[in-house]
2 protein chains.
Amino acid sequence: MAITLKDVALRAGVSRSAVSRTFTEGASVSEGTRKKVKKAAEELGYRPNALASSLTTGRTKLIGLVSDNFRNPIFLEVFDLFTRGLQERGLRPLLVNLSGQKDPAQSLQMLQTYSVDAVIVASSTLPPSFAEAFRDAGVPVVNSFGRHTTNPNVHVVGIDNVECGRMAARALIDHGYRKVAFLGGPVEATSTQDRFAGFREVIRATPGVSQTHSYAAQYSFEAGYAEMQNCIANGPAEAYFCGDDVLSVGALSAAKAAGLGVPDQLGIIGLNDMEMAGWNNISLTTIHQPIRQIIASSIELVTAMLNDSTRYPEARLFPCHIVERGTLRRT
Amino acid sequence: MAITLKDVALRAGVSRSAVSRTFTEGASVSEGTRKKVKKAAEELGYRPNALASSLTTGRTKLIGLVSDNFRNPIFLEVFDLFTRGLQERGLRPLLVNLSGQKDPAQSLQMLQTYSVDAVIVASSTLPPSFAEAFRDAGVPVVNSFGRHTTNPNVHVVGIDNVECGRMAARALIDHGYRKVAFLGGPVEATSTQDRFAGFREVIRATPGVSQTHSYAAQYSFEAGYAEMQNCIANGPAEAYFCGDDVLSVGALSAAKAAGLGVPDQLGIIGLNDMEMAGWNNISLTTIHQPIRQIIASSIELVTAMLNDSTRYPEARLFPCHIVERGTLRRT
DNA sequence: CAACGGATTGCAACCGGTTGCACAGTGTTC
DNA sequence: GAACACTGTGCAACCGGTTGCAATCCGTTG
């Protein structure tokens, strides 16, 4: 078995309390005993047991990181930023792969079993009710990349997807396209719905511009490819606002395969500005989503909630902007 | 506070032991009390505390998942498969992002603090000594995608990188290229070294074929792009074996940007067969690495070690094969 | 009807820590 | 020299479970 408090106490010739106190910030121990204890601990290779201490302190420093999309390269960046940010603050990400499991009950139960201090739901597709289930169970939760509602009862950090839809519509119009379309992610995803709502709003308000829409089965390359093939078969629009970058890349690929010239015959604008969008064999014009800031802010919020779990829910929205590359005509 | 054993015991009118026993497999409880307890637990919304029970059982069902590459899309697939596979067996992945930290000491200490039952080191770049540090500390460990040594003292599941290097060399030769090159990942990565060793061995043994080599700073698109630019500036070879697919895609992009025709003027073969390699605007000829099998096998090995941690170290190697797409000349 | 044996059950100790409280030691003040 | 205020320390209870052991219950058997 591993070295415990008792072993160290015995060796240092002090009580277990003394050992415990030297390892807890701000406890009252004299310099002398601290030294003795440190020395004994060092010699024995003592590692405090975080789980045992969580039993009395009520803090595990475990953070549930829940995601439902492991196919979209943007999430690799998301995991990178989350894991690093959490680690820097001494928090540990317990990763949960929803893999299609839309019901929060199971993951909630599991995360409760492991007494996570908080949960980050990193998803732009799950409805607010998902994160709310955690809050209702008394688990502090932040919904990163989630839907912003006017009266949130759960913390949301992300972007205004409706506004992004508007932005995309304006961009297509400004670049001279008149027959435009929305090629969304799955219809049940909140981000799809919101982006489309904003998009349609602007198009409808603009005379002389027509609009169609369709949905890909998921946010993935294949789904984007397949749906663009469909569109082409049915007579393509002049330009597409794709639900996100990975769909855009799929759509782009289908367009090229069909011999359609991008951006002249067919324009595409994506959303996310994932790393790959800048690769010069892709060069996707897209709406930049500030994921670094969103994640940094999510982590700040989580740490704040650890100290005050009754914190009033807030929505933190970050502005997006268009990054012009090669998939929309020059104006 | 949350509902505990005591609350349930009180409500069901039994002892705490009885409650504990109804929730542990194979314990002796009568049907009657089990029913009473289940009912009381249900009504109160009782969730057993896995961390508390780990204290006596010595099992947390936490598995450390350590990785040092969050830039390579292949790892998204890796995380997806690992998290799902572990979850299916009731194990929980505690994700550790090394982010450049080559010294195992810190992550080891942290994972010990959280009493993980085992550790999976998922990396093709870290030296065997990294995983060995865990084993030396008494933590069961599997090195997935790691270097296979003739006398391993740590479990390794992966591929024979030397053989892959040979395979790549033969492919380039068979496709008619005579001036070939290795464009590797970081020189200190074990996979880079091994792939190069095999590659060079075959080239050197083949009369009339010349070989050069260089290294990218890391396994990433930008690094591949930059290094291929370098190569082109210095007079490119006819064909390249790139350290992996993401490097290949970067190199491909640089070749196209320089106006070099692929595969006629310049051939490229990658390694991994990541999803993106099959996208039709990339269509990369590459060596398929069976990551599903590697991961499934790693997980099996981990679960086996949970029951027998003294298990004799083994190396499990899976064969690779070439997937012909569009970046090597037709033979 | 008493002895017997297997199935249930509760008691109490324990897992590895934390922490309130009482007490001891030290130095200061009047 | 006594009263006082601190600082450090150990005891013991507790966090939420598990488990060895002894006691109890119940149906059988001779």
Side-chain angles (χ1 to χ4, degrees), chain A residues 1-38 40-41 44-62 90 109-117 138, chain B residues 1-38 40-41 44-62 90 109-117 138:
Chain A
M1 255 298 159
I3 309 299
T4 73
L5 260 194
K6 204 165 70 181
D7 304 317
V8 179
L10 222 61
R11 172 147 203 156
V14 297
S15 72
R16 289 162 51 214
S17 328
V19 179
S20 171
R21 286 195 255 257
T22 69
F23 286 102
T24 50
E25 203 70 15
S28 162
V29 216
S30 72
E31 206 44 47
T33 50
R34 160 164 277 131
K35 276 237 177 72
K36 277 194 295 185
V37 170
K38 288 262 184 193
L44 294 170
Y46 170 67
R47 301 271 169 266
N49 182 329
L51 273 24
S53 78
S54 83
L55 219 43
T56 39
T57 60
R59 296 218 163 302
T60 54
K61 301 201 166 196
L62 291 172
Q109 176 168 346
M110 179 246 129
L111 288 169
Q112 283 182 308
T113 292
Y114 279 83
S115 315
V116 295
D117 287 346
Chain B
M1 257 297 161
I3 309 300
T4 73
L5 261 194
K6 204 165 71 182
D7 304 317
V8 178
L10 222 61
R11 173 150 202 154
V14 298
S15 73
R16 289 161 51 213
S17 327
V19 179
S20 171
R21 285 194 255 256
T22 69
F23 287 102
T24 50
E25 204 70 17
S28 163
V29 215
S30 72
E31 205 44 48
T33 49
R34 160 164 276 130
K35 275 236 177 73
K36 277 194 296 186
V37 170
K38 287 261 183 195
L44 294 170
Y46 170 67
R47 302 270 171 267
N49 182 329
L51 273 24
S53 80
S54 82
L55 219 44
T56 39
T57 61
R59 295 220 163 302
T60 55
K61 300 200 169 199
L62 291 173
Q109 177 169 345
M110 180 245 128
L111 289 168
Q112 283 183 309
T113 292
Y114 278 83
S115 315
V116 294
D117 286 347

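In the text below, chain A, chain B and the rest are named by the order of the sequence lines, each starting its count at 1.
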Student: Per the atom types in the model, does the base of dG16(D) pair as donor or acceptor with the side chain of Arg16(B) at under 3.5 Å?
Tutor: no
Student: Which one, dT9(D), dT18(C), dT9(C), comes nearest to the side chain of Thr24(A)?
Tutor: dT18(C)
Student: Classify the nucleic acid contact of Tyr46(A) as base, sugar-phosphate or nothing, counting any heavy atom under 4.0 Å across all strands shown.
Tutor: sugar-phosphate
Student: Name the residue from Leu5(B), Leu10(B), Thr4(B) that meets the side-chain contact (heavy atoms from CB on, under 4.5 Å) definition with Asp7(B).
Tutor: Thr4(B)
Student: In whole Å, I'd like the distance from the CG atom of Asp7(A) to the C1' atom of dC15(C).
Tutor: 13 Å
Student: With a 4.5 Å heavy-atom cut-off, do Lys36(B) and Thr33(B) have their side chains touching?
Tutor: yes
Student: Does the Thr60(B) side chain pair with the main chain of Ser115(B), one donor and one acceptor, at a distance under 3.5 Å?
Tutor: yes
Student: Without decimals, in angstroms, what is the distance between Arg21(B) CZ and dT8(C) P?
Tutor: 11 Å
Student: For the side chain of Ser17(B), counting heavy atoms from C-beta on, which of dG17(C), dC11(C), dT9(D) is nearest?
Tutor: dC11(C)
Student: Rounding to an integer number of Å, can you tell me how far Lys36(B) NZ sits from dT8(C) C1'?
Tutor: 11 Å
Student: Can you tell me the distance, in whole Å, between the CZ atom of Arg59(B) and the P atom of dT19(D)?
Tutor: 12 Å
Student: For a quick test of reading the model, state the closest non-hydrogen atom pair linking Val8(B) to Ala41(B) and the distance between them.
Tutor: CG1-N, 3.9 Å
Student: Which nucleotide in the list dG16(C), dT18(D), dG10(C) gets nearest to the side chain of Thr4(A)?
Tutor: dG16(C)
Student: Let's see if you can work this out: which of dA7(C), dG10(C), dG17(C) has an atom nearest to the side-chain heavy atoms of Ser28(B)?
Tutor: dA7(C)
Student: CG of Asn49(A) versus P of dC15(D): gap in Å, rounded?
Tutor: 18 Å
Student: Would you indicate which nucleotide in dT9(D), dG17(C), dT19(C) comes nearest to any side-chain atom of Ala52(A)?
Tutor: dG17(C)
Student: In whole angstrom, what separates Leu5(B)'s CG from dC15(C)'s C1'?
Tutor: 14 Å
Student: For residues Val19(A) and Val14(A), determine if any side-chain heavy atom of one lies less than 4.5 Å from a side-chain heavy atom of the other.
Tutor: yes
Student: What's Val14(B) touching, base or sugar-phosphate or nothing? Going by heavy atoms closer than 4.0 Å.
Tutor: sugar-phosphate
Student: Can you tell me the distance, in whole Å, between the CD atom of Gln112(A) and the P atom of dG16(D)?
Tutor: 14 Å
Student: What nucleotide, of dG16(D), dT9(C), dT18(C), holds the atom closest to the side chain of Ser53(A)?
Tutor: dT18(C)
Student: Which nucleotide in the list dG17(C), dT9(C), dG10(D) gets nearest to the side chain of Thr33(B)?
Tutor: dT9(C)
Student: Taking only the side-chain nitrogens and oxygens of Thr56(B), find out if one of them lies under 4.0 Å from OP1 or OP2 of dG17(D).
Tutor: no
Student: Can you measure Leu55(A) atom CG to dC14(D) atom P for me and round it to whole angstrom units?
Tutor: 14 Å
